[in-house]
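Indexing begins at 1, ligand by ligand and atom by atom, following the structure's order.
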Amino acid sequence: MSEQILPGQPHIAYHGNQLHVEQVRLSDLARQYGTPLFVYSSAAMLSALAAYQRGFSGRNAQVCYAMKANSSLAILQLFARAGCGFDIVSGGELERVLAAGGQADKVIFSGVGKTRSEMQRALAAGIACFNVESQAELEVLNQVALAMGRQAPVSIRVNPDVDAQTHPYISTGLKDNKFGIAHEQTLATYQRASSMPGLKVVGIDCHIGSQITQEAPYLDAMDRVLDLVGAIEAAGISLTHIDFGGGLGINYNGDTPPAADALWSKLLAKLDARGYGQRQIMIEPGRSLVGNAGVCLTEVLYLKPGPLKNFCIVDAAMNDLPRPAMYEAFHQIVPLSPRGGKSQVWDVVGPVCESGDWLGRERALDLATGDLVALLSAGAYCMSMASNYNSRGRAAEVLVNGEQSYLIRQRETVADQMRHEQLVG
Ligand SMILES: *Cc1c(COP(=O)(O)O)cnc(C)c1O
């Protein structure tokens with residue numbers, strides 16, 4: 001008997017009374033490796049990727065995993081082997097791609113603040129494209145490329161000014177945020193770029209936000225980007241690819257984002273209708289490839305019932321799983337082995353000395369000290385945002401494939417944390 005706890009997500013389920021990732025019992029992993037522990041399902045990641053690949057079948061398309069969502073080497077390796085490219089936002093991410101066996105010529109480099117040395121390294125490695133976010137960055141990239149006797153392939157990130165209808169911190173396609181070039185300045189910026197000898201214009205890109213659960217913002221943004229493509233090409237600058245960014249949401253708490261293949265069949269229909277169906281398409285999904293493939297296991301340390309609130313103190317904290325503290329994000333919390341008794345309402349919090357250190361509020365759970373629980377949907381923007389705050393070592397990570405499990409990151413020790421520090425004198 002198996003019971004899915006996330007609808008449509010068959011890889012994390014109860015078999016009997018025990019929560020499993022694929023065929024592996026999570027309480028066994030917690031015992032073996034300790035907690036907090038991140039556990040990921042390879043099958044869940046590959047099936048999320050397959051949904052995009054199905055959507056693009058027969059098309060000239062490249063999926064570039066936005067690796068800031070989860071940049072652990074074994075996960076990059078899994079995606080590289082499945083044919084993925086990568087969307088990077090720093091020189092460090094480029095080195096991770098190369099260390100994991102990814103191909104530089106399937107890498108696109110996004111971000112508003114690339115440094116000269118990051119540009120040099122990426123050019124030398126031979127990445128596919130720089131997604132440039134400002135006029136000033138164009139000038140610097142041109143200088144860097146000329147000094148190396150190279151031409152840098154560029155795409156300009158345009159800001160289509162659509163409201164992705166998501167949390168303000170993860171909405172990026174509106175006029176008043178730091179990303180991209182304003183719609184009105186796009187043509188002039190392309191003309192400037194195409195006049196620079198160190199640059200080769202190859203594409204256009206946009207990325208309107210994250211955790212987007214509706215189709216409308218994507219369809220609107222597509223129309224606006226295609227209007228710009230028309231204007232740019234009318235000015236004699238041809239574009240090889242259209243990069244549509246990432247941002248597709250996942251089900252955290254009853255959210256109902258469109259499926260990747262269904263969304264792309266509508267977007268491709270629009271491209272076809274407007275005569276751009278043969279153009280190379282690039283996309284940069286992050287969260288939707290990994291978010292629901294991961295869980296974070298944690299142990300109940302103390303139960304602290306109180307007059308106004310009951311607190312359940314666990315051994316994971318905001319340094320391991322920063323999304324609730326940062327965005328008031330919701331992660332489902334479920335027991336690894338349900339007791340089947342009467343629930344009480346708990347605020348699930350970590351040991352860090354901050355009131356913001358909470359993982360879930362007002363959760364009805366039947367718990368005892370020493371129980372193990374899982375925070376679901378923890379594959380994206382959790383481990384990659386983890387810190388050492390309170391001198392807590394970062395968690396270990398395990399990748400599951402069928403009945404096999406692999407430790408892909410050891411738990412960080414105190415010695416690891418202190419390695420690069422020194423006393424004075
Ligand atoms: C973060 C980011 C992505 C990925 O966003 P998701 O919401 O995780 O899909 C893609 N492109 C750019 C430029 C980004 O900054």
If you measure from the Lys or Arg side-chain nitrogens to the Asp or Glu carboxylate oxygens, is any gap between E133 and K114 under 4.0 Å?
no
Taking only Lys NZ, Arg NE, NH1 and NH2, and the carboxylate oxygens of Asp or Glu, determine whether D227 and R224 approach each other closer than 4.0 Å.
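Salt bridge flag = no for R224 with D227.
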So, [X] side chain and [Y] main chain: donor-acceptor pair closer than 3.5 Å or not?
X	Y	answer
E22	A43	yes
S387	Y389	yes
R411	P36	yes

Ligand 1 atoms in contact with [X] (distance to a heavy atom under 4.0 Å):
X	value
G286	4 (C), 6 (P), 8 (O), 9 (O)
G246	9 (O), 10 (C)
Y381	1 (C), 4 (C), 5 (O), 6 (P), 8 (O)
R287	6 (P), 8 (O), 9 (O)
S110	13 (C)
A66	3 (C), 4 (C), 10 (C)
P285	9 (O)

Could you go step by step and tell me if M282 and I242 meet the side-chain contact (heavy atoms from CB on, under 4.5 Å) rule?
CA-CA 6 Å; M282 312 249 256; I242 301 174; over 6 Å; no
So is G247 polar-close to ligand 1, meaning N/O to N/O under 3.5 Å?
yes
In this structure, is the centre-to-centre distance between the rings of F79 and Y65 below 6.0 Å?
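For Y65 and F79, the ring centres are under 6.0 Å apart.
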Heavy-atom pair with the smallest gap, counting every atom of Q9 and Q4
N-OE1, 3.6 Å
Please state which option from E284, R157, K68, E133 has its nearest heavy atom closest to atom 11 (N) of ligand 1.
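Shortest heavy-atom distance from atom 11 (N) of ligand 1: E284.
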Give me the nearest non-hydrogen protein atom to atom 5 (O) of ligand 1 as residue plus atom name, then the distance to 0.1 Å.
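Among all protein heavy atoms, the one nearest atom 5 (O) of ligand 1 is H207 CE1, 3.3 Å.
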Give the contacting part of D87 toward ligand 1: side chain, backbone, both or neither, where contact means a heavy-atom distance below 4.0 Å.
side chain
